[in-house]
Amino acid sequence: MIDPNILRTDPDRIRESQRRRGESVEVVDLLIEADLAKRAAMQEFDELRNQQKVLGKQIGPLQGALKKATDEAAKAQAQAEVDALMAQASTLADDVKAADAKANEISEKADQLWLQISNLVNLDSPVGGEEDFTLIEEVGTPRDFAAEGFAARDHIEIGEILDAIDTVRGAKVSGSRFFYLKGIGAQLEIALLNLAMQQASANGFIPMITPAIVLPSAMEGTGFLGQAAENVYRLEEDDMYLVGTSEVPLAAYHSDEIIDVNQLPIRYAGWSSCFRREAGSYGKDTKGIIRVHQFDKVEMFVFTTPDEAEAEHKRLLQWERDFVDALELPYRVIDVATGDLGSSAARKFDIEAWIPTQGTYREITSTSNTTEFQARRLKIRMRDGDKTQPLATLNGTLCAMPRIIVAILENHQQADGSVRIPKALQPFLGGKTVFTAPA
RNA sequence: GGCGAGGUGGCGGAGCGGCCGAUCGCAGCCGCCUUGAAAGCGGCCGUGGGGAAACUCACCGGGGGUUCAAAUCCCUCCCUCGCCGCCA
């Protein structure tokens with residue numbers, strides 16, 4: 001959630017942000033109304049509750065006096081006072097109860113509306129939809145396979161030749177969009193994991209292996225139960241969720257905590273399986289492993305000060321580029337448009353790798369500056385002197401396995417169906433320089 | 001899954017239904033003392049909401065209930081620990 005004070009002092013800022021995202025602007029007015037109603041109802045409750053407390057405190061001593069009273073007149077007098085107070089307190093108790101119920105109901109309504117408001121977009125983000133990104137840079141040159149004298153095979157075919165990817169049996173066992181990594185494929189993923197973790201550690205990230213099933217609070221706190229909810233797997237029996245990214249358990253790791261500002265930034269590199277329903281993507285990428293229900297990913301996640309967030313965002317992007325550079329892949333970097341941001345992101349940069357058989361760039365990493373949005377929801381604050389305030393969180397993909405594997409297989413394939421192994425990866429594959437079909 | 005114990009402020013650990021947002025110890029912060037440090041002494045020391053402020057409200061694992069009044073009583077759920085069972 002965003003800073004409630006902005007709603008009270010500068011609601012136009014929120015309206016503008018909603019407009020740029022293509023999301024509801026009217027909800028801001030509903031929220032202003034609900035926020036006012038909430039505060040009024042709470043004040044009314046506070047008032048009544050205070051009266052009740054004051055009154056209640058008189059009853060105890062009076063009852064004591066009643067017990068001690070010896071002569072009849074004094075006793076009757078005290079009894080009458082107690083009775084009167086009790087009667088008064090009793091009706092007050094009913095009022096308090098009613099006011100409490102009302103305040104709760106109104107607060108709930110306001111809180112629900114708050115959850116509908118996405119993070120304020122960064123004003124530097126290009127405005128528009130998916131196609132309206134700004135191209136930041138193209139790096140490397142896509143190979144000209146015609147000039148090399150052979151037709152590029154897609155990753156499915158290469159995966160079959162190398163016996164590295166088995167989507168047919170994946171579908172047999174688990175349905176569409178599931179796959180097995182086998183032999184070379186499995187080794188490749190493990191090598192990528194090691195390379196990614198080595199790089200992350202060198203950059204000050206603490207390696208983490210996280211839970212992949214989380215409570216609703218973690219899912220909601222990271223903003224995935226909003227418009228992204230349809231892509232989240234829910235375990236009905238247990239009311240828990242399968243995470244779509246380790247961003248969720250990493251962000252929630254410090255929920256309800258106050259972190260000393262001197263400890264920031266805190267950087268984690270999380271490794272987990274990721275689960276996505278891929279609802280609404282029927283017909284898209286139905287073949288291969290570009291879009292699957294389950295995959296593994298190394299994710300970078302940072303807790304830092306709001307002042308540092310933008311600079312850290314640039315660093316995350318650079319680290320992502322370093323990794324893709326090390327894999328010798330041609331790619332481009334884009335500044336994602338406002339309409340295509342997740343609800344918690346203020347700004348997002350994607351790296352898209354060139355996929356030869358598709359003749360286009362496809363997303364392989366994504367880094368978002370979520371400013372204080374997640375921290376507010378998850379109650380993560382920093383202590384700076386005697387102030388406590390929300391900190392900033394950021395996330396970025398370091399290595400989403402299937403797509404990186406696709407990019408490597410397709411871009412580094414050779415005429416005979418073998419695949420050249422990028423230098424940086426070789427140490428993690430026993431010095432091997434090329435993947436060849438198993439005998 | 002069964003039985004037992006327990007969940008209180010950063011940690012440890014008290015808390016008769018009203019005087020408890022909560023005793024005390026440790027840690028931390030400020031000051032005194034000291035050439036400096038330690039020890040000792042004095043003070044401060046949870047979070048959030050509302051309010052210009054005075055002040056006020058909420059929070060003692062979560063939710064519900066009893067009561068004029070709940071950290072304290074009742075119900076329920078969750079979690080932790082121990083033992084038993086089962087099992088990667």
Side-chain angles (χ1 to χ4, degrees), chain A residues 1-9 31-68 78-115 209 211-221 235-241 249 252-264 266 273 303 372 374-391:
Chain A
M1 87 182 264
I2 60 178
D3 185 350
N5 279 320
I6 296 175
L7 182 77
R8 290 159 201 170
T9 59
L31 189 56
I32 288 173
E33 202 178 308
D35 185 59
L36 279 171
K38 173 180 170 175
R39 282 190 286 169
M42 282 171 66
Q43 271 180 39
E44 197 179 321
F45 168 76
D46 282 4
E47 185 88 4
L48 284 167
R49 179 70 174 145
N50 181 238
Q51 286 178 33
Q52 184 187 36
K53 280 184 158 181
V54 170
L55 202 59
K57 274 180 186 160
Q58 299 168 19
I59 292 177
L62 223 61
Q63 282 177 329
L66 177 60
K67 255 184 212 158
K68 276 189 216 134
Q79 183 67 56
E81 279 183 51
V82 170
D83 288 348
L85 270 181
M86 285 286 241
Q88 210 184 330
S90 191
T91 56
L92 198 52
D94 291 340
D95 293 348
V96 167
K97 213 170 212 172
D100 188 29
K102 188 178 159 200
N104 281 338
E105 191 191 323
I106 291 175
S107 297
E108 178 67 21
K109 232 182 256 175
D111 295 346
Q112 281 308 316
L113 283 171
W114 269 117
L115 290 179
I209 299 176
I213 301 180
V214 299
L215 297 168
S217 54
M219 217 62 189
E220 183 159 285
L235 300 174
E236 182 70 34
E237 279 290 298
D238 303 285
D239 192 18
M240 295 184 83
Y241 295 91
Y253 185 70
H254 286 299
S255 55
D256 293 311
E257 293 183 18
I258 300 175
I259 299 170
D260 194 288
V261 73
N262 295 316
Q263 298 190 340
L264 301 175
I266 300 175
S273 290
F303 299 85
E372 298 110 289
Q374 292 178 329
R376 276 216 168 73
R377 290 184 169 208
L378 291 166
K379 298 190 176 58
I380 310 173
R381 296 176 298 255
M382 58 178 191
R383 177 170 281 114
D384 188 0
D386 51 0
K387 281 183 306 187
T388 63
Q389 53 184 309
L391 45 69

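Labels below follow one simple rule: chain letters A, B, ... track the order of the sequence lines, proteins then strands, and each chain is numbered from 1. Values below: all heavy atoms of this structure, side chains included; hydrogens, waters and symmetry mates excluded.
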Greater than 12 external heavy atoms within 6.0 Å of A/E33's CD: no
Neighbour count >12 (heavy atoms, 6.0 Å) for atom CG, A/L235: yes
Expressed as a whole number of angstroms, how long is the span from [X]:[atom1] to [N]:[atom2]?
{"X": "A/R376", "N": "B/U47", "atom1": "CZ", "atom2": "P", "value": "17 Å"}
{"X": "A/D111", "N": "B/G49", "atom1": "CG", "atom2": "P", "value": "13 Å"}
{"X": "A/I259", "N": "B/G10", "atom1": "CD1", "atom2": "C1'", "value": "14 Å"}
{"X": "A/Q389", "N": "B/G48", "atom1": "CD", "atom2": "C1'", "value": "15 Å"}
{"X": "A/I380", "N": "B/U47", "atom1": "CD1", "atom2": "P", "value": "17 Å"}
{"X": "A/E257", "N": "B/C11", "atom1": "CD", "atom2": "P", "value": "10 Å"}
{"X": "A/F45", "N": "B/G49", "atom1": "CZ", "atom2": "C1'", "value": "12 Å"}
{"X": "A/M42", "N": "B/U56", "atom1": "CE", "atom2": "P", "value": "17 Å"}

Value for OG (A/S273) from CD1 (A/I213), rounded to nearest 0.5 Å, stands at 10.5 Å
Which value, rounded to the nearest 0.5 Å, describes the distance between A/K97 atom NZ and A/R49 atom CZ? 11.5 Å
By nearest-nucleotide position on RNA chain B, the 5'-leaning member of A/N50 and A/I258 is A/I258
Want to settle it: does A/R381 or A/E47 sit nearer the 5' end of RNA chain B, counting the closest nucleotide to each? A/R381
Looking at [N], which nucleotide sits across from it as a Watson-Crick or G-U wobble partner, both distances under 3.5 angstrom, or is there none?
{"N": "B/G42", "value": "B/C30"}
{"N": "B/C79", "value": "B/G6"}
{"N": "B/A71", "value": "none"}
{"N": "B/G1", "value": "B/C84"}

A/R8 vs A/R39 side-chain heavy atoms within contact, under 4.5 Å: yes
Separation between the [atom1] atoms of [N] and [M], rounded to whole Å:
{"N": "B/A38", "M": "B/C30", "atom1": "P", "value": "12 Å"}
{"N": "B/G15", "M": "B/U8", "atom1": "C1'", "value": "9 Å"}
{"N": "B/G2", "M": "B/C87", "atom1": "C1'", "value": "16 Å"}
{"N": "B/C45", "M": "B/G21", "atom1": "C1'", "value": "14 Å"}
{"N": "B/G62", "M": "B/C3", "atom1": "C1'", "value": "24 Å"}
{"N": "B/G9", "M": "B/U47", "atom1": "P", "value": "13 Å"}
{"N": "B/A14", "M": "B/C60", "atom1": "C1'", "value": "13 Å"}
{"N": "B/C68", "M": "B/G51", "atom1": "C1'", "value": "28 Å"}

Heavy-atom closest contact (A/P249 atom, A/P211 atom, distance): CG-O, 3.4 Å
So A/T388, base contact, sugar-phosphate only, or nothing? Heavy-atom distance under 4.0 Å. sugar-phosphate
Quick one: salt bridge (charged side-chain N to carboxylate O under 4.0 Å, His left out) partners of A/D3, sequence neighbours excluded? A/R376
Contacts of A/D239 meeting salt bridge (charged side-chain N to carboxylate O under 4.0 Å, His left out) (sequence neighbours excluded), chain-then-number -> A/R234
Nucleotide of B/U47, B/A58, B/G51 approaching A/K53 most closely (side-chain heavy atoms): B/A58
Looking at A/R383, I'd like to know whether one of its side-chain N or O atoms comes within less than 4.0 Å of OP1 or OP2 on B/U47. yes
Taking protein heavy atoms under 4.0 Å as touching, what does nucleotides 65-75 of chain B look like 5' to 3' if B marks base contact, S marks sugar-phosphate-only contact and - marks none? -S-BSS-----
A/D111 and A/K38 ion-paired at < 4.0 Å: yes
